[in-house]
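Step one of this worksheet: look at the structure below.
All of these numbers come straight from a predicted model, not from anything done at the bench. Because only heavy atoms are used, hydrogens play no part in the values below, and waters and symmetry mates are left out as well, while side chains stay in. Indexing begins at 1, ligand by ligand and atom by atom, following the structure's order.
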Amino acid sequence: MSEPVDSLIHAGWVLPIVPSGAVWPRHAVAVRQGRIVAILPSDEARLRYAAQREFDLPGRVLMPGLVNLHTHAAMSLMRGLADDLPLMTWLHEHIWPAEARHLGPRFVRDGTRLACAEMLLGGVTCLNDMYFFPEAAAEACLQAGMRASLGNVVIDFPTAYAADAADCLKKGGEVREAFRGEPLLSFTLAPHAPYTVSDEGLSAISALSERLGCRVHMHIHETADEIEQGLKSHGQRPLARLQALGLTGPNLIAVHAVHLTEPEIDALARHGCHIAHCPASNLKLASGLPATSRWLQAGVNVGIGTDGAASNNRLDVLGELRLAALLAKGVSGRAEALPAHAALAMATLSGARALGLDSRIGSLEPGKCADMAAIDLRPITTAPCFDIASQIVYAAGREQVSHVWVDGRLRVEDGALAGVDLAELQALAAHWRGELQPTA
Ligand SMILES: [Zn+2]
């Protein structure tokens, strides 16, 4: 008697991330009610399970969905608006003025919808977002069927979203309440950066994070200029200031962390902090070269982020993890730094761990949510295939993602978004192109 399941997915290979380094040829994943029931050889699976829907994916590798540990999803509407500029010029002269004119719930909903479509097509199943109007981002993520951790952005100065830090926190509380119990959504507190939030705001966030048990998602030590500013205005480096305010603990997701001293790296490891590594953004804004290999040696948990599409300009975690692996080798002078399997773990399980979601996502294991991506290794660009992990990290592109499931639901099938009207998304992009730059 066969056991009923919702889906049975037979893949050329299953790369589960746990156990580390494993690649299982001709295996199947059985899914029931959004959860992985079993992973076993395809031949056995066909005998044991009767599936409502069976997928046969020879030549494809099934792995956990990618986790984008840092993005500003709605900024996809500003992709290419202002390129080839340093961070502060980019922010002060282009991004913040554009946001002052156009930011609102509709901007965020439309931009996040575009970003979710792009990310799902690239095998990303979970994003950690930091942007204004998180309620609009929540609606867009739920509509797209993506898992999301939404940041309660906090910034001292008035924006189209809120009057000040206290107003940001009040609005964030309302959003957490409104979406409480949504299985795909979780929330972080997201102070923008040390230079945009006062000690008072950061102390309130530290206390709230403790009380709610939620993560603090924050840009930290992104540029040398930020550290100089911190020394001038507070008499200490930003990380030391955060430590004094009680923010450096296992709840901290430090985004970028490009400029760290050796003792600062050791302190992040000792306190159980996480780093969201965004290599393309760091290179594009010329922020600097992070010491990824050193972070890992110290024992810091490191995930991968794309940052927003205005500073990358791709929400392509697969491309990002390749860049992370190459950069780690180049910066450390050691070709063995960040090998392929470790890079894949960084973009899946480590990202999930940073979000506190590793008991549910980040690896393919019975009992976990069926957040999965299949990558097609049949094209000649990935042939011949000697080593599956190497092929994914160093040779494959996101256009080779063929299928994506979030919580057991099929979101991408044969390289196309399931149930999404692409023409409608194109029209949204065209509308905002006209709004943002009407004279061009
Ligand atoms: Zn960012």
The Zn ion (ligand 1) -> His72, closest N, O or S atom is NE2
Review point. Is a salt bridge present between Arg180 and Glu177, judged by a nitrogen-to-oxygen distance below 4.0 Å?
Key: yes
2.8 Å cut-off met by an N, O or S atom of His256 to the Zn ion (ligand 1):
no
- prompt: With distance as the sole test, does Lys232 use its side chain to make a donor-acceptor pair with the main-chain N or O of Ile227 at under 3.5 Å?
  reply: no
- Using the side-chain contact (heavy atoms from CB on, under 4.5 Å) rule, take Thr71 and Asp307 through it: C-alpha gap first, then chi angles, then the decisive distance, then the call. CA-CA 4 Å; Thr71 191; Asp307 215 343; over 6 Å; no
Of all the N, O or S atoms in His70, the one nearest to the Zn ion (ligand 1) is NE2
Fill in: Lys/Arg-Asp/Glu bridge criterion (N-O < 4.0 Å) met for Glu336, Lys329
no
ang(OD1 Asp307, the Zn ion (ligand 1), NE2 His219) rounded to 10° is 170°
